[in-house]
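Down below is the structure, laid out as structure tokens.
So that the names make sense, note that chain A is the first sequence line, chain B the second, and so on, each numbered from 1.
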Number of protein chains: 4
Amino acid sequence: MTSTPNPQRRSEKSHRATLAAAMDLCSEHGYGNVTVEAIAARAGVSKKTIYRWWPTKGAVVLEAMVGIAGDATQFPDTGDITADLCTQMTAVLDHVMTGPRAAVYAGIIAETQHDAALARDLRTQLLAPRIAAARDRLLVARAHGQLAADADVDMAVDLLYGPLYYRLLLHLGTYSHDRLRSHIERVLSAFAPSAA
Amino acid sequence: MTSTPNPQRRSEKSHRATLAAAMDLCSEHGYGNVTVEAIAARAGVSKKTIYRWWPTKGAVVLEAMVGIAGDATQFPDTGDITADLCTQMTAVLDHVMTGPRAAVYAGIIAETQHDAALARDLRTQLLAPRIAAARDRLLVARAHGQLAADADVDMAVDLLYGPLYYRLLLHLGTYSHDRLRSHIERVLSAFAPSAA
Amino acid sequence: MTSTPNPQRRSEKSHRATLAAAMDLCSEHGYGNVTVEAIAARAGVSKKTIYRWWPTKGAVVLEAMVGIAGDATQFPDTGDITADLCTQMTAVLDHVMTGPRAAVYAGIIAETQHDAALARDLRTQLLAPRIAAARDRLLVARAHGQLAADADVDMAVDLLYGPLYYRLLLHLGTYSHDRLRSHIERVLSAFAPSAA
Amino acid sequence: MTSTPNPQRRSEKSHRATLAAAMDLCSEHGYGNVTVEAIAARAGVSKKTIYRWWPTKGAVVLEAMVGIAGDATQFPDTGDITADLCTQMTAVLDHVMTGPRAAVYAGIIAETQHDAALARDLRTQLLAPRIAAARDRLLVARAHGQLAADADVDMAVDLLYGPLYYRLLLHLGTYSHDRLRSHIERVLSAFAPSAA
DNA sequence: AAGTAAGCGAGACGGTACGTCTTGTCTTTAA
DNA sequence: TTAAAGACAAGACGTACCGTCTCGCTTACTT
């Protein structure tokens, strides 16, 4: 168990104000230019309160990010694997890889490069569930014969999402919706069932 | 052009000592835990001297990284596109995405998320030449009929390298050499010439 | 009048525990290193309870000090002014200017330098009664012809007690019992009746 | 030797600005309401610079106080011990026990009650030299037959200065110049040579 | 005896200052 | 004239207490 104080007595108001302030400030000034002091001031919250509930700025912003990305990036299952991937990945693109939030998300990922605990939280809270969901959806598609029976779904996931993060984090430009669709179709073609 | 002083009078000894100290310290303590002060102290160089020749810590480490990665990741052309990609990408994997240097490289990429100038330098000095080389090699392969005549080589580059960075920067584990080979073969298969 | 709550419902147990904890902690760690939080924790009392009954830490410690010093420093009247001064001043020396209590007492006096209310309470509750008692005893002595008829008893009080506090608060060392007796005799000699 | 950095490289400008800011702020707001942050801000100096050269706020203010009191409270020797004591003690009264500086001086003395190093510095830099000077002056007077041959000059010093500090620190009111003269005369009378 | 108002322990809160740290600039010293 | 050494202004860090506050619980007055 952790040394976190009693969460039942936590002020929900301060909690929400902190997350909102963190997202606002990051969007306005960029993740790297935001300080815990500034978040506290903007939220009308004391620094102590922030440090009571989160270990670092990164953890605050990650929680805010999870809240935002959470609902928006669920995986649908309409039976059409191509359409479903387009739906979900377009949502990812639009919600966290475009506009001011792209920089925030990239900032958090940057932070994980020297904060192992944050890296773990990013993985468990944000990435792993979505990777698992993508994998499951692909397994369903494979079971339905939409992919080759021996298709390596882990590799498919890497090929689908890898380029998005690669282009985001190396500043190579984001895919347009059309380009994203071509990308998805190309990857799926690599795992298509052999012509019967 | 910048206000950099006359480079002819630059002390090559201090230059080299700085780069070496930067790489050593980053390897030992991780990019994020290294300070300019520490680099100066280790190199036996004054902070002023570092700031005279580089704008930030990131620029120092990037130059060191370019020096190390430079030679190792050239693109061969043996005529066999699969083999050549394996050769080059394995070198990339081994030189900058494995061991202590992985953290250093990831650290620099992290820094570029809030340092636009460094992002530019990373792209122009490190990434762009290698992307161009990969692209050229694939064009040659396509011209030789090893890829489909209408293969989109830009997309191929994204699919080849994207997953490597994705796994590095999101802490999802690095490919083994075998896995890398499978990965390359799978991508190339997506661009294979249609059976005639 | 203040907004102090109903004293009839006050928990005598908490009251005593607080005063005891305050004195203990001050003796152990020195007045300046004791916090209200620590007093509350040691006493098993909530901070709120302390602030309900006292305005500041100084007020708590002052009350504890008054309780301790109260009985011990009464003024006797045996008819021998020198002996009575020795008796009372030795008691003062031993009870509040020696050992761990010296630091506590000095700590309270220090606090009064930036807490006017505490300064007032120190004067009215601790000092004024004893100064008045000394003055009265000297007036009796003067009436009995043991001091000059025109002896300035206020000045005598200053000369008697001033050096004790001076040495305490400026860290110049405390008088021994013998030295104290010499001191008293010397002061009284300055106010002796002129030889007839 | 201490761990203080090289004093030759010290910025005299920052040094002076810090001392001046400390005295100004203490005079304006009272010793206890002044923070190191405020001193730094007023002086246009970084906190780091203050902590580089002084261990605590008290040490800064003490140095400022020593500078102010230093010249003003020298001991004259006109041959008339009463007049010389009046001169010096009146200067003390006027310079450090009256007006805003009284509170500053009392504040430092208060601080010494929980800062042993500051207590030592107060004694060695401010008190001891003046006590020694007073003692020396009294010894000269005794040698000249203005005091009894066996007069205890240490006790005389205690009796002369004790009441001044006692009244300052216990908030009992400061002596007027006239009252101070009476006080001095009364003390000297206690050590007068016996009538021949 | 039941109802109710208060004091109580606990501890989260907004706030302020702490003393430390690192950045990037500027000054001094010695070669 | 250059570079080492390192002091400097600036400002964020994470911590410690302050004095206030809100919670349930207990206790003891009131009706």
Side-chain angles (χ1 to χ4, degrees), chain A residues 4-15 17 33-41 43-57, chain B residues 5-6 9-11 13-14 33-38 40-41 43-57, chain C residues 5-15 17 33-41 43-57, chain D residues 4-15 17 33-41 43-57:
Chain A
T4 309
N6 184 345
Q8 300 194 341
R9 313 197 57 175
R10 181 171 196 175
S11 158
E12 198 46 43
K13 191 167 149 241
S14 295
H15 187 170
N33 298 317
V34 172
T35 67
V36 174
E37 304 223 343
I39 295 173
V45 142
S46 90
K47 284 166 66 180
K48 176 86 182 200
T49 298
I50 294 183
Y51 284 111
R52 193 174 355 248
W53 301 110
W54 293 278
T56 61
K57 174 183 74 159
Chain B
N6 183 345
R9 317 196 72 168
R10 180 171 196 176
S11 156
K13 189 168 148 236
S14 295
N33 300 317
V34 171
T35 66
V36 174
E37 303 232 346
V45 143
S46 93
K47 281 167 64 182
K48 178 91 181 195
T49 300
I50 292 181
Y51 283 112
R52 202 186 330 266
W53 301 109
W54 294 277
T56 62
K57 173 182 74 160
Chain C
N6 183 348
Q8 301 194 337
R9 316 196 68 173
R10 181 172 194 176
S11 158
E12 198 47 41
K13 190 167 148 239
S14 295
H15 187 173
N33 299 318
V34 171
T35 66
V36 173
E37 303 230 349
I39 295 173
V45 143
S46 94
K47 282 167 66 180
K48 177 93 183 194
T49 298
I50 293 182
Y51 285 110
R52 197 179 344 255
W53 300 109
W54 294 277
T56 61
K57 172 183 73 160
Chain D
T4 308
N6 184 347
Q8 300 194 339
R9 314 197 58 172
R10 182 172 194 176
S11 158
E12 199 47 44
K13 190 166 150 242
S14 295
H15 187 172
N33 299 316
V34 172
T35 66
V36 173
E37 303 223 346
I39 295 173
V45 142
S46 90
K47 284 167 66 181
K48 176 92 183 198
T49 298
I50 294 183
Y51 285 110
R52 197 179 345 254
W53 300 110
W54 293 278
T56 61
K57 173 183 73 160

Side chains of Ser14(D) and Trp53(D) in contact at under 4.5 Å (non-hydrogen atoms): no
Interface with DNA chain E, restricted to residues 33-40 of chain C and to heavy atoms under 4.0 Å: none
Earlier contact from the 5' end, DNA chain E, for Gln8(D) and Glu12(A): Glu12(A)
Minimum-distance nucleotide to Arg10(D) side chain [options: dA4(F), dA9(F), dC8(F)]: dC8(F)
Closest-nucleotide ordering on DNA chain F, the 5'-leading residue of Asn6(D) and Val45(B): Val45(B)
Side chain to side chain donor-acceptor pair (under 3.5 Å) partners for Thr56(D), two or more places apart: none
Candidates dC18(F), dC23(F), dA9(F) - which lies nearest the side chain of Ser46(D): dA9(F)
Residues, nucleotides or ligands: over 12 heavy atoms within 6.0 Å of Glu12(C) CD: yes
Nearest atoms (heavy-atom pairs only) where Ser46(D) meets Ala40(D): C-CB, 4.2 Å
Below 4.0 Å: OP1/OP2 of dA7(F) and any side-chain N or O of Thr49(D): no
Spacing between Lys57(C) atom NZ and dG19(F) atom P, to the nearest angstrom: 10 Å
Working for side chain to side chain contact (heavy atoms under 4.5 Å, CB included), residues Lys57(A) and Ile39(A): CA-CA 9 Å; Lys57(A) 174 183 74 159; Ile39(A) 295 173; 4.2 Å; yes
Gap between atoms CD1 and C1', on Ile50(C) and dC18(F) respectively (whole Å): 13 Å
With sequence neighbours excluded, residues passing salt bridge (charged side-chain N to carboxylate O under 4.0 Å, His left out) with Lys48(C): none
Start and end of the DNA chain E segment that chain D contacts, any atom under 4.0 Å from a heavy atom: dA17(E) to dT28(E)
Partner set under ring-ring contact (aromatic ring centres under 6.0 Å, His included) for Trp54(A), not counting sequence neighbours: His15(A)
Interatomic distance where NZ belongs to Lys47(A) and C1' belongs to dC17(F) [whole Å]: 14 Å
Side chain to side chain contact (heavy atoms under 4.5 Å, CB included) against Ala17(C), all qualifying residues, sequence neighbours excluded: Ala43(C)
Check: dA3(F) base within 3.5 Å donor-acceptor of Arg52(B) side chain: no
Rounded interatomic separation in angstrom, taking CZ from Arg9(C) and C1' from dA28(F): 6 Å
Residue-phosphate contact under 4.0 Å: Ser14(B) side-chain N/O, dA4(F) OP1/OP2: yes
Test log, rule side chain to side chain contact (heavy atoms under 4.5 Å, CB included), inputs Arg52(B) and Thr49(B): CA-CA 5 Å; Arg52(B) 202 186 330 266; Thr49(B) 300; 3.7 Å; yes
Gly44(D) or Lys48(C), whichever maps to the more 5' nucleotide of DNA chain F: Gly44(D)
Sugar-phosphate only, base, or nothing, as touched by Trp53(A) at under 4.0 Å among non-hydrogen atoms: sugar-phosphate
